[in-house]
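Residues: numbered from 1 along the sequence shown. All of these numbers come straight from a predicted model, not from anything done at the bench. Computation of the quantities below employed the complete heavy-atom set of this structure, encompassing side-chain atoms and omitting hydrogens, waters and symmetry-equivalent molecules.
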Amino acid sequence: MKIYRHGDILLSPVDSIPNDVIPRNDLIIARGELTGHAHRIVTDDRAELFDHGSELFLLISGGPASLVHEEHATINLQPGVYRIWRQREYNPSSYAESIED
């Protein structure tokens, strides 16, 4: 199984999308908090993003798609289903504050 890394975004092919997903209206995976740049899917064919609780899924149908971002090299993706993870920075002080609240 091939895993793709694009900055703080990870994609992995999966067999299927869960049944109770919620479709998104765009192909933006994540926006940068400081720069405003976005990890996004670009394609001439069909691609869809779906939310499933805290999980994110991508369906690429027809031709290939590209994962692009202004600060990273483009990754070309073949049609299929992918699960997407966004790596988050761990901040122990914010965790401690949320426990005390």
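- For the atom pair Leu58 CG and Arg24 CZ, the distance stands at 10.5 Å (nearest 0.5 Å).
- With Ile41 as reference, Leu27 is the one residue of Leu27, Ile28, Asp26 to meet the side chain to side chain contact (heavy atoms under 4.5 Å, CB included) rule.
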Between side-chain atoms of residues 78-85 and protein atoms elsewhere (two or more places apart, or another chain), which donor-acceptor pairs fall under 3.5 Å?
residue: Tyr82; atom: OH; partner: Gln78; partner atom: N; Å: 3.4
residue: Tyr82; atom: OH; partner: Gln78; partner atom: O; Å: 2.7
residue: Arg83; atom: NH2; partner: Glu55; partner atom: OE2; Å: 3.0

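- Side-chain atoms of Asp45 come within 3.5 Å of backbone atoms of Gly63 as a donor-acceptor pair (strictly under, hydrogens ignored).
- If you take OG on Ser61 and CD on Glu48, they are separated by 6.5 Å, rounding to the nearest 0.5 Å.
- In terms of heavy atoms, Phe57 sits closest to Ser16 at CE2-O, 4.3 Å.
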Q: With side chain to side chain contact (heavy atoms under 4.5 Å, CB included) as the test, would you mind laying out the steps for Leu77 and Leu11 before giving the verdict?
A: CA-CA 10 Å; Leu77 301 167; Leu11 291 94; 3.9 Å; yes
Q: Assess whether side chain to side chain contact (heavy atoms under 4.5 Å, CB included) is satisfied between Phe50 and Leu56, documenting all intermediate values.
A: CA-CA 6 Å; Phe50 299 94; Leu56 184 61; 5.9 Å; no
Q: Please step through side chain to side chain contact (heavy atoms under 4.5 Å, CB included) for the pair Asp20 and His52, ending with a clear verdict.
A: CA-CA 7 Å; Asp20 53 346; His52 184 254; 2.9 Å; yes
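- Between Leu67 and Thr74, the closest side-chain pair of non-hydrogen atoms is not below 4.5 Å.
- Each of Thr43, Asp44, Asn76 was scored for a side chain to side chain donor-acceptor pair (under 3.5 Å) with Ser66, with one residue passing: Asn76.
- Between Arg40 atom CZ and Ile9 atom CD1 the span is 12.5 Å, to the nearest 0.5 Å.
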